[in-house]
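Notes to accompany the following structure.
Index from 1, following the sequence.
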Amino acid sequence: MREFPSCFGENGVQVADSSSSSTTRAAQNVVTCVYQCKLRGRSCLITVSWTKTLMGQGLSVGIDDLDNHCLCKVEIKPWLFSKRKGSKNLEVQYGKIDIFWDLSCAKFGSGPEPLEGFYLAVVFNHEMVLLLGDLKNEACKKIDSDCAYAHSGAIFIAKREHIFGKKFYGAKAQFCDKGQVHDVKIECDTVGLKDPCLVIQIDSKTVMQVKRLMWKFRGNHTILVDGIPVEVFWDVHDWLFGNAMGNAVFMFQTCISTEKLWADQSASDPSALTWPYSQQFRDSQLQGLGFSLILYAWKNE
């Protein structure tokens, strides 16, 4: 049995560790997004983590080069008792990084990530490298007019979040950069059933069903979304055999080779849910693998 493909560098998800009882409730209120960007022609990864605590909302922005060396990191504390907008200026090896944010009018759902009414911008030497949110015009008015507004060139490559439910678990997913946002629903009732079943739906359409889940509590399957093959990995071991507070892990990863995947699928028994050989996510992303979404699914008490 191999590990889940690692989605966040050396601290990536592993099947053996993903359901550790040491996971705290605070850690569950974090949504982490990774973007591939350019600094002076050099590729880098910008990690944006949105948090929710008793003190309010907060976020952090980290920039790493492709050798996993941290160029800079900014922690923006929860703003229940502080301003929800501002800026940070940092000197790095190649120049100056400015981070601007305005969440004073941001609207949130049940999670820590804002839904609308905000912007977050990362500027390097007066060049926009990342711009998030729907208030893009307001961001460019706030930032020096020399900043390039049109397109930052950033590519959304990974997301990790926690979802909660009793039988149904929902999330939003965008399987390609600037693509359509889809509703993902995971259905699995494990209470009192001898033979539970796992069902995954995309936009209310069933795309995957796993029967005999007691035997197939870990596995993978390829689905098709927007004409793009997406590999779905699941690990529901703790739902079935662990403690009541355990979580399941699901990963949706766009596939590196359409032709290879369809050839493999047609040549094998589609009901045989074997674990594939997978490279580290970081390496595969740089080879153009695409997007990955990791969902930690927790059962509500």
Sorted by chain and residue number, the side-chain hydrogen bond (donor to acceptor under 3.5 Å, both in side chains) partners of Thr206 (sequence neighbours excluded) come out as Gln201
Within this structure, what is the OG1-CG distance for the pair Thr53 and Asn29, rounded to the nearest 0.5 Å? 8.5 Å
Any salt bridge between Glu138 and Lys136, counting N to O under 4.0 Å? no
Across all chains, not counting sequence neighbours, the ring pair (Phe, Tyr, Trp, His ring centres under 6.0 Å) partners of Phe118 are Trp50
Please list, chain by chain and in numerical order, all residues satisfying side-chain hydrogen bond (donor to acceptor under 3.5 Å, both in side chains) with Lys172, sequence neighbours excluded. Asp183
Taking only residues two or more places apart in sequence or in another chain, which ones pass salt bridge (Lys or Arg N to Asp or Glu O under 4.0 Å) with Lys73? Glu75
Can you see which heavy atom on Cys188 is nearest to which on Lys299, and at what distance? O-NZ, 3.9 Å
Any chance you could lay out the side chain to side chain contact (heavy atoms under 4.5 Å, CB included) test for Val61 and Val122, step after step, and finish with the verdict? CA-CA 9 Å; Val61 179; Val122 179; 4.2 Å; yes
Going by heavy atoms in the side chains, are Phe175 and Gln180 under 4.5 Å from each other? no
What's the spacing between Ile46 CD1 and Leu130 CG if we round to 0.5 Å? 5.0 Å
In short, Pro229 meets Thr222 closest at the heavy-atom pair CB-CG2, 4.1 Å
Could I get the full list of side-chain hydrogen bond (donor to acceptor under 3.5 Å, both in side chains) partners for Ser49, not counting sequence neighbours? Thr32
Intermediate values then yes/no, side chain to side chain contact (heavy atoms under 4.5 Å, CB included), Lys185 and Ser204: CA-CA 8 Å; Lys185 185 170 76 172; Ser204 301; over 6 Å; no
For residues 98-105, tabulate all N or O donor-acceptor pairs below 3.5 Å that involve a side-chain atom, not counting sequence neighbours.
{"unit_1": "Asp98", "atom_1": "OD1", "unit_2": "Asn89", "atom_2": "ND2", "d": "2.3"}
{"unit_1": "Asp102", "atom_1": "OD1", "unit_2": "Ser104", "atom_2": "N", "d": "3.0"}
{"unit_1": "Asp102", "atom_1": "OD1", "unit_2": "Ser104", "atom_2": "OG", "d": "2.6"}

Among residues at least two apart in sequence or on other chains, which ones pass side chain to side chain contact (heavy atoms under 4.5 Å, CB included) with Val92? Cys72, Ile97, Phe124
Listed by chain and number, what are the side chain to side chain contact (heavy atoms under 4.5 Å, CB included) partners of Met208, not counting sequence neighbours? Leu198, Ile200, Val210, His221, Ile223, Val232, Trp234
Output for pair (Ser43 OG, Asp64 CG), nearest 0.5 Å, gives 13.0 Å
Measure the spacing between CG of Leu120 and CD1 of Ile76 and express it to the nearest 0.5 Å. 6.5 Å
Can you name the closest pair of heavy atoms from Gly109 and Leu115 and give their distance? N-CD1, 3.5 Å
Are any of the side-chain heavy atoms of Val129 and Val123 separated by less than 4.5 Å? no
Heavy-atom pair of closest approach, residues Ser110 and Lys52: O-NZ, 3.3 Å
Step by step, work out the side chain to side chain contact (heavy atoms under 4.5 Å, CB included) result for Leu71 and Leu39. CA-CA 11 Å; Leu71 300 179; Leu39 295 184; 3.9 Å; yes
Looking at Asp189, is its backbone amide N or carbonyl O close enough to the side chain of Lys166 to form a donor-acceptor pair, meaning the two atoms are under 3.5 Å apart? no
Taking only residues two or more places apart in sequence, or in another chain, which ones meet Leu240 in a side chain to side chain contact (heavy atoms under 4.5 Å, CB included)? Thr190, Pro196, Leu213, Met214, Phe217, Val236
Tell me whether Val199 shares a hydrophobic cluster with Val207, the cluster being built from Ile, Leu, Val, Met, Phe, Trp, Tyr side chains joined at under 4.5 Å. no
According to salt bridge (Lys or Arg N to Asp or Glu O under 4.0 Å), who are the partners of Lys77, at least two apart in sequence or on a separate chain? none
For Tyr169, ring pair (Phe, Tyr, Trp, His ring centres under 6.0 Å) partners two or more places apart: Trp239
Close side-chain approach of Ile294 and Val249, heavy atoms under 4.5 Å: yes
Under the criterion side chain to side chain contact (heavy atoms under 4.5 Å, CB included), I'd like the reasoning laid out for Gln253 against Leu293: C-alpha separation, chi angles, the key distance, then a yes or no. CA-CA 6 Å; Gln253 181 170 333; Leu293 169 70; over 6 Å; no
Tell me every residue that passes side-chain hydrogen bond (donor to acceptor under 3.5 Å, both in side chains) with Asp226, counting only those two or more places apart in sequence or in another chain. His182
On a heavy-atom basis, which atom in Glu113 and which in Cys33 lie closest, and how many Å separate them? OE2-SG, 3.8 Å
Measure from the side-chain N and O atoms of Asp134 to the backbone N and O of Gly117, and report whether any donor-acceptor pair falls under 3.5 Å. yes
Suppose we call two aromatic rings close when their centres sit under 6.0 Å apart. Are Phe291 and Phe156 close by that rule? yes
Counting N and O atoms only, with roles assigned by atom type, does the side chain of Thr51 sit under 3.5 Å from a partner on the main chain of Gly58, one being a donor and the other an acceptor? yes
From Arg218 atom CZ to His237 atom NE2, the distance as rounded to the nearest 0.5 Å: 5.5 Å
Please find the pair of heavy atoms, one from Phe252 and one from Phe250, that lie closest to each other, and give the distance. CE1-CB, 4.1 Å
NZ on Lys38 to CD1 on Ile155, rounded to 0.5 Å: 8.5 Å
With side chains defined as the heavy atoms from C-beta onward, is the minimum distance between Tyr35 and Val48 less than 4.5 Å? yes
